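Owing to the predicted nature of the structure, the values given are computational and were not obtained by experimental measurement. Index from 1, following the sequence.
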Amino acid sequence: MRDTNILIIDDEEKLRNLLKRIITLEGYHVFEANTLTNGNRILENESVDIVLCDVKLPDGNGVEFTAKLKEKYPDIEIILLTAYGNIPDGVRAIKNGAFDYIVKGDDNDKVIPLLNRASEKVDLYKKIKKLEKQLNEKFGFDKIIGNSPQILDSINLAKKVAVSNTPVLLTGETGTGKELFAEAIHAGSSHKNHPFVALNCSAFSKEIIESELFGHKAGAFTGATKDKKGLVEEAKGGTLFLDEIGDLPLELQPKLLRFLENGSYYRVGETTERKTEIRLIAATNRDLQKEIENKHFRSDLYYRIAVFSIQLPSLKERVTDISLLAEYYLKTYTAKTNKDIQSISKEALLALQKNQWKGNIRELKNVIERAVILEDSNVLTINSLPFEILQAHADGASATSLFYLADVEKLHIQKVLGHTKGNKAEAARLLNIGLATLYRKIEEYHLK
């Protein structure tokens, strides 16, 4: 059986039965109705993909019904059948949204091919809807974890601004999830079917960032061997996310402001003005008001990008969310490493909640990844957490001695070195310390 349901609406019982037999033999599931009223009842209670409808029915006209159907059920395709075809009715039917308009008897051999084509269109639409759902699950607001009042307030503001075309400025400490919020705003906007393009303004020198942003002409500078599109062009119709906008060179800020004002820009080395339209979301962990006072950021650009500003809370401001985030990352990394770690011990969770989390969610994510790698039991214990977290936890417990902490650090480093089979560079990465620090600790604890 095909996964397509068809509704036949026709007051001629013999023709209706004949169409049902033919269509059923093709593997479709068929519903029947002899009037528009009965057809509407079926539409309300069943999942229908395609409607085959007579034009002249006892309680209405199929051409007018088409417009109402497409308004209420835009995903359903409708094919109109008529005993006496005429051009004006055919034109009106197509304008109202009909898939096709055919004459009974003369076009009987067209019914199945038309149904197959309409079914292909319906299947394509279902796939698109499924992909959109997956994208929303991956990038939408549901991906933001937490139920603390602080994060819920930020989500609520982001949802409200998502449906507009207003520029958004996301502020907050590093690692608070600014790009995740930007992706969610894009996914909830009218731009969602167009590209989401991100640029970290702190990742490029001032000579390169203009080319990245606006593109360049071949020969504009050494190494520019061919024309290159800028990210403003790549993001056409979609969203441009400028992360760490506080690091944008002062010399480039007037060009960005001009682009935001009227959509016009020049590629580096080119004199031809270009235009494009994008929705801008910017983010920074800097205090831009202070940057303006220090002459590092233009006030006019600030007021243009900060039309709607959302402050994202730090992890220490949303301690109640730490357990949810830790459990999420535990599931993520146990799946990646094929480990059977079912939960986090109460002691380990308490240590996580006491930590200051200067790196916020990004730091928590890295801590759980390392802990999962190191844990040998089916419960993630405190002994698998980094030494600095254990130390912060022990600071509140007077019975814990400095000698014990040193032993814990020694055992932790030994465990990581064992996991990496002596690879010190990888061990330093997992421990989140410098390689020189690791060598000093190895020497201090006489580790082999």
Side-chain angles (χ1 to χ4, degrees), residues 135-136 138-141 143 157-172 174 176-217 227-268 270 272-286 288 291 297-298 300-310 312:
L135 282 171
N136 284 332
K138 186 175 181 182
F139 299 114
F141 288 105
K143 193 68 176 174
L157 287 172
K159 283 181 175 178
K160 285 181 178 179
V161 77
V163 296
S164 73
N165 199 37
T166 303
V168 180
L169 177 65
L170 302 171
T171 60
T174 183
T176 48
K178 293 187 280 291
E179 185 161 358
L180 188 64
F181 262 80
E183 288 172 343
I185 291 169
H186 172 74
S189 74
S190 59
H191 302 267
K192 65 183 178 181
N193 295 324
H194 297 279
F196 174 88
V197 178
L199 174 68
N200 188 324
C201 297
S202 65
F204 299 93
S205 66
K206 63 181 181 181
E207 293 80 16
I208 298 297
I209 194 167
E210 183 177 359
S211 168
E212 288 295 317
L213 197 54
F214 297 121
H216 64 247
K217 184 181 179 182
D227 290 355
K228 178 190 173 184
K229 284 183 181 180
L231 295 183
V232 295
E233 199 170 345
E234 296 286 355
K236 185 178 180 180
T239 300
L240 177 65
F241 175 55
L242 295 182
D243 199 5
E244 305 299 349
I245 196 166
D247 292 320
L248 189 70
L250 196 60
E251 303 89 336
L252 187 55
Q253 291 177 26
K255 294 180 181 180
L256 177 61
L257 177 63
R258 182 174 183 269
F259 170 69
L260 295 175
E261 291 288 357
N262 57 29
S264 64
Y265 66 98
Y266 294 90
R267 287 183 180 178
V268 177
E270 199 172 65
T272 305
E273 185 180 73
R274 295 174 180 266
K275 286 204 170 218
T276 190
E277 288 186 8
I278 53 97
R279 197 261 182 91
L280 179 81
I281 302 176
T284 183
N285 58 14
R286 295 181 181 228
L288 292 185
E291 294 297 309
F297 204 85
R298 292 175 62 106
D300 49 4
L301 178 59
Y302 171 77
Y303 293 120
R304 189 70 184 85
I305 65 173
V307 177
F308 198 97
S309 184
I310 303 173
L312 302 190

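One finds the CG atom of D243 at 12.0 Å from the CG atom of L248 (value rounded to the nearest 0.5 Å). Taken to the nearest 0.5 Å, the CG atom of D300 stands 5.0 Å off from the CG atom of L257. Taking CD1 from I310 and NZ from K178, the interatomic distance works out to 12.5 Å, rounded to the nearest 0.5 Å. Put simply, CG on L280 and OG1 on T166 are 11.5 Å apart, with the number rounded to the nearest 0.5 Å. With rounding to the nearest 0.5 Å, the separation of CD1 in I278 from CG in L240 is 5.0 Å. Atoms CG and CD1, from L169 and I245 in turn, are 7.5 Å apart once rounded to the nearest 0.5 Å.
The two residues A162 and S189 make their nearest non-hydrogen contact at O-CB, 3.1 Å. The two residues L231 and A198 come nearest to each other via the heavy atoms CD1-O, 4.1 Å. Contact record, F204 with I208: CD2-CG2, 3.7 Å, taken as the closest heavy-atom pair. The minimum heavy-atom distance between R267 and K217, with the atom names listed, is CB-N, 4.5 Å. The nearest pair of heavy atoms linking A184 to G140 is CB-C, 3.7 Å. Residues K192 and A187 come closest through the heavy atom pair CD-O, 3.4 Å.
Proximity of H186 to H191: side-chain heavy atoms (C-beta onward) are separated by under 4.5 Å at one or more points. In this structure, the side chains of F181 and L157 stay at 4.5 Å or more apart for every pair of heavy atoms. A 4.5 Å side-chain heavy-atom check between L256 and L242 finds at least one atom pair inside the cut-off. Using a 4.5 Å cut-off on side-chain heavy atoms (C-beta onward), T284 and E291 make no contact. When side chains are defined from C-beta on, V232 counts as touching F214, because their heavy atoms get closer than 4.5 Å. The side-chain heavy atoms of F241 and F196, taken from C-beta on, include a pair separated by under 4.5 Å. Residues L199 and I209 have side chains in contact (heavy-atom distance under 4.5 Å, counting atoms from C-beta outward). By the 4.5 Å heavy-atom criterion applied to side chains, R274 and Y266 are not counted as neighbours.
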query: Do R286 and E244 pass the side-chain contact (heavy atoms from CB on, under 4.5 Å) test, and can you show the C-alpha distance, the side-chain angles, and the key distance before you say yes or no?
result: CA-CA 8 Å; R286 295 181 181 228; E244 305 299 349; 5.5 Å; no

query: Between E233 and T276, does a side-chain contact (heavy atoms from CB on, under 4.5 Å) hold up when you go through it step by step?
result: CA-CA 6 Å; E233 199 170 345; T276 190; 5.5 Å; no

Step-by-step side-chain contact (heavy atoms from CB on, under 4.5 Å) determination, T171 to L288: CA-CA 9 Å; T171 60; L288 292 185; over 6 Å; no

message: Evaluate K255 against L213 for side-chain contact (heavy atoms from CB on, under 4.5 Å), listing each step before the verdict.
response: CA-CA 10 Å; K255 294 180 181 180; L213 197 54; over 6 Å; no

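Remark: E212 engages K228 in a salt bridge, criterion side-chain N to carboxylate O under 4.0 Å. Between E183 and K143 there is no salt bridge, since none of the side-chain N atoms of the basic residue sits less than 4.0 Å from a carboxylate O of the acidic one.
No side-chain N or O of E270 forms a donor-acceptor pair with one of T272 less than 3.5 Å apart.
The main-chain N or O of F297 is never found under 3.5 Å from a side-chain atom of Q253 such that the two would form a donor-acceptor pair.
The 12-atom threshold is exceeded at NZ of K275, counting heavy atoms of other residues, nucleotides or ligands nearer than 6.0 Å.
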